[in-house]
S.K.: 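Right, I'll just put the structure down here and ask away after.
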Amino acid sequence: MEMNAKYDHQKVEEGKYDDWKEKGYFECGKNQGKPFTIVIPPPNVTGKLHLGHAWDVTIQDIMIRYKRMQGFDALWVPGMDHAGIATQAKVDKKLKEQGIEPREMDREEWLKVAWDWKKEYAKTIHDQWGKLGLSLDYRKERFTLDEGLSLAVRKVFVDLYQEGLIYRGERMINWDPVAKTALSNEEVIYKDVEGYFYHIKYPIVGTKEYLDVATTRPETMFGDNAVAVNPDDERYQKYVGQKVLLPLVNREIPIIFDSHADPSKGTGCVKITVNHDPNDYEVGKRHDLKGITVIGLDGKMNENALHYQGMDRLECREALVKELQEKGYLLGKEKIVHSVGHSERTDTPVEPYVSKQWFVKMRPLALRVLENQKKKETKVHFLPSRFEKIMNHWMEITYDWCISRQLWWGHQIPAWYKDDQVYVGMEAPKEEGWVQDPDVLDTWFSSALWPFSTLGWPNETDDFKRYYPTNVLVTGYDIIPFWVNRMTFQGLHFTGQRPFEYCYIHGLIRDKLGRKMSKSLGNGVDPMDVIHDYGADSLRYYLATSTAPGTDLRFEEEKVRSSWNFINKIWNASRFVLLNQKEVKSLIQYRDSDKWILTRYEKTVKDVTKYMDKYEFQNVGSILYKFIWEDFCDQYIEMAKFSLEESGTQNTLKKVLIGILKMLHPFMPFVTDEIYQKFATKENIMISDYPKYEKEFVFLEEEEEINDVISFVKLFRMTKAEHQIGKEYAVVLQNEKDYSFLMQMLKWEGHLADHGSTDTCYKVMSKNYSILLYDEKESTEEDELKKQKEIETLKASILKRENLLANENFCKRAPEKLVKEEQEKLCFEKKRLSELTDF
RNA sequence: GGGCGUUUAGCUCAGUUGGUUAGAGCAUCUGCCUUACAAGCAGAGGGUCUGCGGUUCGAGUCCGUAAACGCCCACCA
């Protein structure tokens with residue numbers, strides 16, 4: 001078995017994924033242990049996976065691989081989301097580029113194109129999953145639009161309808177004029193935009209007076225129903241029962257009194273446009289005003305907008321303001337920054353619009369979640385826990401969820417109409433004449449069922465019974481409202497259980513400067529490029545170990561490179577062990593150095609397991625990094641070079657290395673598998689057993705002894721470096737200890753000196769060892785200064801420690817162990833000080 | 001307006017239930033091609049842990065308060 005001196009990630013990763021997959025290692029049901037389930041957050045079939053996805057799935061793969069090695073029956077369910085608006089927009093764009101007007105197509109024809117699109121992108125995503133090394137059970141793969149999931153969607157819709165939790169009604173909703181569909185509140189992103197506050201003159205009928213009405217959206221004035229003032233606003237009491245004349249339109253509208261008008265804002269007069277503003281809509285209901293629609297579904301002004309008919313609403317605003325100014329109706333304008341709702345998908349300003357849509361009645365569903373979150377045994381536990389507040393708050397303030405979308409790509413609503421009748425059911429009514437609602441459901445309606453619909457629900461399948469509820473859901477904090485919340489209430493309502501026990505939340509990936517990665521900024525990083533340059537293992541290790549849960553991650557290539565270096569280190573350590581493998585027949589006899597690394601290895605296993613169980617991968621990363629690089633490579637391999645012929649060392653090298661590989665495997669599956677197989681093991685590491693803590697390999701005394709040797713060696717090197725002592729020096733050993741191993745470690749090339757030497761002398765000492773180091777060079781002023789400095793530092797430290805130990809409260813209340821350590825340290829420092837001052 | 005987060009070395013970040021001299025990677029400086037690894041090895045320098053106050057024998061860690069930056073929710077005629 002050959003190993004190159006340098007780690008070649010491309011060579012290592014090539015072909016491995018297909019091999020594992022073919023061997024069926026990703027499949028659940030092979031381990032006898034308890035089930036451990038994760039469902040993947042289904043990526044949209046709109047494009048390639050970005051770094052955020054790579055991060056999300058890496059975390060999950062680490063969890064799954066870890067649990068699988070521990071003997072759990074691990075199941076990771078793959079799947080993808082049809083992503084209604086997003087996909088439809090992309091498919092339409094593509095068609096338009098080909099000169100085809102998508103909405104003029106036959107719906108069935110269009111759907112064929114969309115399914116082709118889905119197939120194409122699903123393939124890309126599968127390739128990317130493979131490159132990342134994800135151990136997904138592909139037999140269980142689902143798509144939100146496939147048959148089983150569609151059944152679940154219909155069942156949920158029908159049940160909620162029958163329970164009165166889904167209804168159809170005319171309401172004010174958010175309208176996306178580009179996608180031409182209704183949106184839910186969550187799909188509206190508020191952005192601060194510069195705009196104007198226009199003051200318009202509304203003459204009072206029959207007088208020469210007028211009201212100064214301020215608005216940011218003058219174009220809606222064609223639909224004004226009234227002007228409202230606050231009932232307590234004394235300025236306007238005299239206008240009870242009067243009317244104003246709507247400029248240009250010349251329609252008389254009443255002055256009404258409503259608490260919605262805030263006297264402290266502007267002039268205290270507010271125009272009421274029932275059909276184009278959510279608040280006005282409420283006012284309209286109170287005062288029985290009939291709305292007038294002036295903006296069409298396409299965002300263009302309609303026939304009620306006089307000569308502006310056909311003009312886009314935003315263009316109309318400009319032109320109208322100009323006309324008002326020319327005709328003397330514009331009293332002024334102020335520049336303001338206000339927040340305007342934009343469509344999450346098309347980024348166009350949304351229009352509040354009154355229309356007939358389907359809604360989910362949220363209150364009862366949300367209350368159930370809030371109730372459940374009070375129970376420790378059945379609640380969803382967030383990691384980190386603070387994210388629970390986001391969900392709870394959403395549940396408290398939530399209002400009805402608009403679920404119908406005027407799209408083609410999605411689950412068509414299982415409602416049929418005939419004249420005035422409505423039928424909601426799993427299948428179309430048998431009789432003639434029923435027409436199905438052309439609308440589809442919000443994408444998130446099907447995503448909300450994902451943890452159980454993927455396992456076969458509503459059928460009582462074996463998978464559902466065994467693997468539900470799932471153990472962990474891993475996702476970013478940005479989709480808690482969209483998804484986590486909705487899965488939680490649907491899960492509770494339909495399965496009576498939380499859909500997942502834990503919800504592990506990670507942050508967003510940002511660029512090096514802390515900006516969100518976006519197409520418009522062009523600062524996106526393709527995970528596939530990173531994999532090409534550094535390998536999936538480096539990327540995975542970097543992503544998983546670079547931040548604490550819940551916090552954002554700034555992508556830095558240097559850190560990926562540093563992960564690569566770490567793997568290269570592991571590669572070479574393995575190479576050393578492999579090259580020095582020897583047949584040893586004698587009984588296993590451990591040296592102190594072997595016992596030292598074994599002890600530290602057991603401690604590492606213990607700590608790593610503890611943090612793996614808590615999903616604190618950053619801690620796992622730093623523990624393993626330190627143990628492997630410092631303890632195993634820098635110290636133990638160097639020590640092992642003195643006893644390579646011995647059975648104990650041979651055994652230890654292999655045992656510890658294999659253990660290291662296993663603990664690293666969830667993070668870096670490819671390279672660990674590659675190395676593992678070089679040790680003549682036929683099995684793949686991913687189905688091997690995870691290391692367990694073994695008390696019989698803990699040797700505390702020997703560990704302490706070697707620790708002392710190591711600290712002595714460090715001090716010795718430091719002294720040599722500080723005083724620039726070359727290879728020519730002499731030593732005197734100051735006690736009866738066996739110095740042979742220490743001298744090996746020091747790579748000693750000096751000679752033993754006479755006690756009476758007059759050369760410059762330095763003393764190096766640790767707990768057990770003490771050496772006088774003679775340098776032929778004369779001591780310089782600099783040396784003397786350094787010595788003085790050390791004396792000063794020691795004196796300060798001794799004083800501090802004496803004070804501490806003189807403090808009764810400290811001795812009484814601090815742990816005994818700490819006090820003892822302080823005493824020992826004081827003792828050592830005093831000894832050292834006396835040695836120094838003696839010279 | 002309500003809530004949350006962040007603030008630690010030049011940069012990016014760790015730091016568990018309070019307990020040695022606050023850590024890592026990258027960067028910097030010095031010396032080494034020592035036969036696993038120069039993408040490496042052996043060392044070094046660099047921090048009043050955002051400010052102020054408090055609790056405590058002891059605070060980066062707990063409490064209060066202020067500031068800067070960021071995020072979420074709500075409102076914005």
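Quick note on labels: first sequence line is chain A, next is B, and so on, each numbered from 1.
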S.K.: With the side chain of A:R717 defined as its heavy atoms from C-beta on, choose the nearest nucleotide among B:C37, B:A36, B:G43.
M.R.: B:G43
S.K.: Should the ring pair A:F566 and A:W629 be called parallel, tilted or perpendicular, given that the plane angle runs from 0 to 90° and is split at 30 and 60?
M.R.: parallel
S.K.: Over 60° means perpendicular and under 30° means parallel, so tell me whether A:F667 and A:F617 are parallel, tilted or perpendicular.
M.R.: perpendicular
S.K.: I want to check one thing: is the phosphate of B:C13, taken as OP1 and OP2, less than 4.0 Å away from some side-chain N or O of A:R554?
M.R.: yes
S.K.: Do A:E829 and A:K825 meet the salt-bridge criterion of a basic N to acidic O distance under 4.0 Å?
M.R.: no
S.K.: Output the single nucleotide from B:C73, B:U56, B:A36 whose closest atom is nearest the side chain of A:H393.
M.R.: B:C73
S.K.: Please state how far atom CE in A:M718 lies from atom C1' in B:G45, giving the value in whole angstrom units.
M.R.: 13 Å
S.K.: Could you check whether A:C811 gets within reach of a base, just the sugar-phosphate, or nothing at all, counting any heavy atom under 4.0 Å?
M.R.: nothing
S.K.: Within the 4.0 Å heavy-atom criterion, would you say A:D634 contacts the bases, only the backbone, or no part of the nucleic acid?
M.R.: sugar-phosphate
S.K.: Which label fits A:Y198 and A:Y196: parallel for a plane angle under 30°, tilted from 30 to 60°, or perpendicular past 60°?
M.R.: tilted
S.K.: Under 4.0 Å between any heavy atoms, over every strand shown, what does A:Q618 touch: base, sugar-phosphate, or nothing? Just pick one.
M.R.: sugar-phosphate
S.K.: Rounded to whole Å, how long is the line connecting atom CZ of A:F566 with atom P of B:C41?
M.R.: 12 Å
S.K.: Output the single nucleotide from B:G19, B:U20, B:G43 whose closest atom is nearest the side chain of A:K825.
M.R.: B:U20
S.K.: Heavy atoms only, 4.0 Å cut-off, all strands: where does A:A548 land among base, sugar-phosphate and nothing?
M.R.: sugar-phosphate
S.K.: What is the separation between atom CG on A:N392 and atom C1' on B:G2, rounded to the nearest whole Å?
M.R.: 15 Å
S.K.: Pick the C1' atom in B:U7 and in B:U12, then give their distance to the nearest Å.
M.R.: 14 Å
S.K.: Could you label the plane-to-plane angle of the A:H506 and A:Y504 rings as parallel, tilted or perpendicular, counting under 30° as parallel and over 60° as perpendicular?
M.R.: tilted
S.K.: For B:G5, give its Watson-Crick or G-U wobble partner with both distances under 3.5 Å, or none.
M.R.: B:C69
S.K.: So what does A:I397 hit on the nucleic acid, given a heavy-atom distance under 4.0 Å: a base, only sugar-phosphate, or nothing?
M.R.: sugar-phosphate
S.K.: Please confirm whether the shortest side-chain N or O distance from A:R386 to OP1 or OP2 of B:C4 is below 4.0 Å.
M.R.: no
S.K.: Remember a base hit wins even if backbone is also touched, and classify A:W564 as base, sugar-phosphate or nothing at under 4.0 Å, heavy atoms.
M.R.: base
S.K.: Checking all strands, does A:K800 fall into the base, sugar-phosphate, or nothing category for heavy-atom contacts under 4.0 angstrom?
M.R.: sugar-phosphate
S.K.: With heavy atoms under 4.0 Å as the rule, sort A:S546 into base, sugar-phosphate or nothing.
M.R.: sugar-phosphate
S.K.: Identify the nucleotide, in any strand shown, that forms a Watson-Crick or G-U wobble pair with B:C75, with both distances under 3.5 Å; if there is none, say none.
M.R.: none
S.K.: Say you pick atom P in B:U17 and the same atom in B:A38; how far apart are they, in whole Å?
M.R.: 42 Å
S.K.: Which nucleotide, B:G19, B:A74, B:C41, lies nearest any side-chain atom of A:K569?
M.R.: B:C41
S.K.: Hey, does the side chain of A:K6 come within less than 4.0 Å of B:A36's phosphate (OP1/OP2), counting only N and O?
M.R.: no
S.K.: Of the options A:I570, A:I567, A:L664, which is the one that meets A:V671 in a side chain to side chain contact (heavy atoms under 4.5 Å, CB included)?
M.R.: A:I567
S.K.: For B:A14 and A:T545 - does any side-chain N or O of the residue sit under 4.0 Å from the phosphate oxygens OP1/OP2?
M.R.: no
S.K.: Determine the Euclidean distance between corresponding P atoms of B:G60 and B:A42; express it in Å to zero decimal places.
M.R.: 31 Å
S.K.: At under 4.0 Å, does any side-chain N or O of A:W629 touch on OP1 or OP2 of B:C41?
M.R.: yes
S.K.: Would you give the length of the straight line joining atom OG of A:S574 to atom OH of A:Y676, rounded to the nearest 0.5 angstrom?
M.R.: 13.0 Å
S.K.: Check the side chains of A:S711 and A:K767 for a donor-acceptor pair under 3.5 angstrom, ignoring hydrogens and angles.
M.R.: no
S.K.: Does any nucleotide pair with B:C32 by Watson-Crick or G-U wobble geometry, both distances under 3.5 Å, and what is it?
M.R.: B:G40
S.K.: In whole Å, what is the span from the CH2 atom of A:W571 to the P atom of B:G40?
M.R.: 17 Å
S.K.: Can you tell me the base-pairing partner of B:C52? Count Watson-Crick or G-U wobble geometry only, both distances below 3.5 Å, and say none if there is no partner.
M.R.: B:G64
S.K.: In the strands shown, is B:A59 matched to any nucleotide by a Watson-Crick or G-U wobble pair with both distances under 3.5 Å, and which?
M.R.: none
S.K.: Using a 4.0 Å heavy-atom cut-off across all strands, classify A:E638 as base, sugar-phosphate, or nothing.
M.R.: base
S.K.: Between atom CD in A:E282 and atom P in B:C75, what is the gap in whole Å?
M.R.: 12 Å
S.K.: Write down the distance separating the P atoms in B:U6 and B:G45, rounded off to the nearest Å.
M.R.: 32 Å
S.K.: Taking the side chain of A:R575 as its heavy atoms from C-beta onward, which of B:G43, B:C71, B:A36 lies nearest to it?
M.R.: B:A36
S.K.: Distance check: side-chain N/O of A:N565 vs OP1/OP2 of B:G25, anything under 4.0 Å?
M.R.: no
S.K.: Quiz question: going by heavy-atom distance under 3.5 Å, is there a donor-acceptor pair between the base of B:C26 and the side chain of A:K559?
M.R.: no
S.K.: Taking B:U34 as the reference, what is the distance to B:C41 when you measure between their C1' atoms (whole Å, please)?
M.R.: 8 Å
S.K.: OP1, OP2 of B:A36 versus side-chain N and O of A:K641: anything below 4.0 Å?
M.R.: yes
S.K.: Rounded to whole Å, how long is the line connecting atom NZ of A:K512 with atom P of B:A27?
M.R.: 11 Å
S.K.: What is the pairing partner of B:G47, taking Watson-Crick or G-U wobble pairs with both distances under 3.5 Å in any strand?
M.R.: none
S.K.: Would you indicate which nucleotide in B:A14, B:G25, B:A39 comes nearest to any side-chain atom of A:S562?
M.R.: B:G25
S.K.: Can a salt bridge be assigned to the pair A:R561 and A:E558 using a cut-off of 4.0 Å between side-chain N and carboxylate O?
M.R.: no
S.K.: Is there a Watson-Crick or G-U wobble partner for B:A24 with both distances under 3.5 Å, and if so, which one is it?
M.R.: B:U12
S.K.: Scan A:S563 against the nucleic acid and name what it touches under 4.0 Å (heavy atoms): base, sugar-phosphate only, or nothing.
M.R.: nothing
S.K.: With respect to the side chain of A:N809, which nucleotide from B:C57, B:A36, B:A39 is positioned closest?
M.R.: B:C57
S.K.: For nucleotides B:A24 and B:U8, find the distance between their C1' atoms and express it as a whole number of Å.
M.R.: 13 Å
S.K.: Determine the Euclidean distance between corresponding C1' atoms of B:U50 and B:A68; express it in Å to zero decimal places.
M.R.: 8 Å
S.K.: Whole angstroms only, please: what is the CG-P distance between A:L799 and B:U21?
M.R.: 14 Å
S.K.: Looking at every strand, decide which applies to A:I390 at a 4.0 Å heavy-atom threshold: base, sugar-phosphate, or nothing.
M.R.: nothing
S.K.: Quick one: pull up OG1 in A:T267 and CZ in A:R235 and give me the separation to the nearest 0.5 Å.
M.R.: 7.0 Å
S.K.: C1' atom, B:A22 versus B:C49: distance in rounded Å?
M.R.: 8 Å
